[in-house]
Amino acid sequence: MGTLLLQLMNSLSYGFLLFIITCGISIVFGILGVLNLAHGSVYLLGSYVAYSLIMKAGLPFWVALIVVPLLIAIIGYLTEIVILRPTYKLGHLSQVLLTFGLAYVFHDIFTIVWGKNVLSVNPPEVFSSSVEFLGYAIPAYRLALIVIGGAIVILLWYIQEKTKWGAVVRAGLSDKEMAGALGVNIHLVFTAVFVFGSLLAGLGGVLGAPVLGTYPGMEFSILILSLVVLVVGGLGSVTGTFLASLLVGFVETFSRYLVPELSLIITFALMAIVLVVRPQGLVGRKA
């Protein structure tokens, strides 16, 4: 029972972390129509910068949790303005090739700057121990991830459903051409959405570093899982991304515990089943 509860907590914390990471790429695809294949690299950049600030510079974890996402957001702003914006009229293939190429550029930068070893980041001292939950010891940082992830879900829901900016984003998701015709500054929306997606990836990089580790090549593993979550949840759907993140987190965690050699196959089997039964994803719309 204790092992089952621990794995359940692991799956929940992993699912919320996947949501934080994947929500950015989902929103960017829904609004911009850009499938950013460098999104995993943005996540890993956040992890590496967090490692440098926490383990090398000695800054507190909470300072890095604020500083790193802001730095990544600035990089995202420059990337959208300088690199991505000229490709909006060139079609999806150009954008996919460009972002995939950026992922390999980032990979070489990571190797040159931080090396090829697996780097670890210590969690905050207050969450470095275990807490008793239903009579069993549960890592405190896992519980913290669940709480932080839940808070981000509620915040995103509030922004999307209760604010003017959320209404603009929903309008862009539904019909960005009509939104532009009604006076919405589409270029500003595009930039803001891409920056926000980068900020979420950087935040996920800081939060994920203590539990997932940091190493070159990890960006492609994160990218693959993000694409699985996108397909299962429905392209461009934030609600679908949330549900799919929890589902994929559950399947990935328990398959690694029960049949580790088949965990990746089982995860892709889940995606294949969803594609067969509901091609648009759990909450996605038919084209």
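Residues: numbered from 1 along the sequence shown.
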- Item | Backbone N/O of Leu8 and side chain of Ser11: donor-acceptor pair under 3.5 Å | yes
Show me the side-chain donor-acceptor pairs of residues 253-268 shorter than 3.5 Å, one per line, residues at least two apart or across chains.
residue: Thr253; atom: OG1; partner: Gly249; partner atom: O; Å: 2.7
residue: Ser255; atom: OG; partner: Val251; partner atom: O; Å: 2.7
residue: Ser255; atom: OG; partner: Glu252; partner atom: O; Å: 3.1
residue: Arg256; atom: NE; partner: Glu252; partner atom: OE2; Å: 3.1
residue: Arg256; atom: NH2; partner: Glu252; partner atom: OE2; Å: 2.9
residue: Ser263; atom: OG; partner: Pro260; partner atom: O; Å: 3.2
residue: Thr267; atom: OG1; partner: Glu252; partner atom: OE1; Å: 2.6
residue: Thr267; atom: OG1; partner: Ser263; partner atom: O; Å: 3.0

- Answer yes or no: is there a side-chain heavy-atom contact under 4.5 Å between Phe127 and Pro210? no
- Shortest non-hydrogen contact from Ile138 to Met9? CG2-CG, 4.0 Å
Donor-acceptor pairs under 3.5 Å, side chain of residues 200-207 to any protein atom, not counting sequence neighbours: which ones?
none

- Message: Check for me, please, whether Val82 and Leu71 land in the same ILVMFWY cluster - side-chain distances under 4.5 Å, paths through other members count.
- Response: yes
- Item | Working for side-chain contact (heavy atoms from CB on, under 4.5 Å), residues Leu156 and Cys23 | CA-CA 10 Å; Leu156 289 178; Cys23 189; 3.7 Å; yes
- Item | Closest non-hydrogen atom pair, Ile20 against Gly149 | CD1-CA, 4.2 Å
- Heavy atoms of Pro123 and Tyr141 approach each other most closely as CB-CD1, 3.8 Å
- Steps toward side-chain contact (heavy atoms from CB on, under 4.5 Å) verdict (Phe250, Leu270): CA-CA 11 Å; Phe250 180 85; Leu270 169 66; over 6 Å; no
- Got a second to check how far Leu230's CG is from Ser245's OG, nearest 0.5 Å? 8.5 Å
- Message: Can you pull out every side chain to side chain donor-acceptor pair (under 3.5 Å) where at least one residue sits in residues 56-79? Sequence neighbours excluded, please.
- Response: none
Donor-acceptor pairs under 3.5 angstrom involving side-chain atoms of residues 99-122: please list them, not counting sequence neighbours.
residue: Thr99; atom: OG1; partner: Leu37; partner atom: N; Å: 3.1
residue: Thr99; atom: OG1; partner: Gln95; partner atom: O; Å: 2.9
residue: Thr99; atom: OG1; partner: Val96; partner atom: O; Å: 3.2
residue: His107; atom: ND1; partner: Glu219; partner atom: OE2; Å: 3.0
residue: Thr111; atom: OG1; partner: His107; partner atom: O; Å: 3.0
residue: Trp114; atom: NE1; partner: Ser52; partner atom: OG; Å: 2.9

- Query: Distance from Ile159 atom CD1 to Ile154 atom CD1, nearest 0.5 Å?
  - Reply: 12.0 Å
- Message: Would you compute the distance between atom CG of Leu84 and atom OG of Ser94 and round it to the nearest 0.5 angstrom?
- Response: 11.5 Å
- Roughly how far apart are Leu145 CG and Tyr14 OH, rounded to 0.5 Å? 12.0 Å
- Do Ile25 and Tyr43 touch side chain to side chain, with heavy atoms closer than 4.5 Å? no
- Item | Nearest atoms (heavy-atom pairs only) where Ala64 meets Pro69 | O-CD, 3.6 Å
- Note on the structure: Residues pairing under salt bridge (charged side-chain N to carboxylate O under 4.0 Å, His left out) where one sits in residues 63-82, two or more places apart or in two chains, turn out to be Glu80-Arg85
- Task: Rounded to the nearest 0.5 Å, what's the gap from CG on Leu17 to OG1 on Thr22? Could you check?
- Result: 8.5 Å
- Side chain of His39, backbone of Ile21: donor and acceptor closer than 3.5 Å? yes
- Task: For residues Lys162 and Trp157, determine if any side-chain heavy atom of one lies less than 4.5 Å from a side-chain heavy atom of the other.
- Result: yes
- Give the cluster check for Ile273 versus Val248: same hydrophobic cluster or not, with ILVMFWY residues linked at side-chain heavy-atom distances below 4.5 Å. no
- Value for CE (Met271) from CG (Leu227), rounded to nearest 0.5 Å, stands at 8.5 Å
- Message: Are Val63 and Leu53 packed together at the side-chain level, in the sense that at least one heavy-atom pair is separated by less than 4.5 angstrom?
- Response: no
- If Ile, Leu, Val, Met, Phe, Trp and Tyr residues are connected whenever their side-chain heavy atoms lie under 4.5 Å apart, and connections chain through other members, are Leu199 and Leu65 in the same group? no
- Under a 4.5 Å side-chain heavy-atom rule over Ile, Leu, Val, Met, Phe, Trp and Tyr, are Val126 and Ile148 clustered together? yes
- Is any side-chain heavy atom of Tyr48 less than 4.5 Å from a side-chain heavy atom of Pro216? yes
- Item | Non-hydrogen atoms of Ile72 and Ser198 that approach each other most closely | CG2-O, 3.3 Å
- Query: Is any side-chain heavy atom of Leu59 less than 4.5 Å from a side-chain heavy atom of Val67?
  - Reply: no
- Any link between Val193 and Leu78 through a network of hydrophobic side chains (Ile, Leu, Val, Met, Phe, Trp, Tyr) touching at under 4.5 Å? yes
- Contacts of Ser41 that satisfy side-chain hydrogen bond (donor to acceptor under 3.5 Å, both in side chains) - sequence neighbours left out: none
- Are Asn36 and Phe29 close enough that some pair of their side-chain heavy atoms sits under 4.5 Å apart? no
- Message: Any heavy-atom pair between the side chains of Leu70 and Ile74 that's under 4.5 Å?
- Response: no
- Item | Minimal non-hydrogen separation, Ser26 against Thr241, with atom names | OG-OG1, 3.0 Å
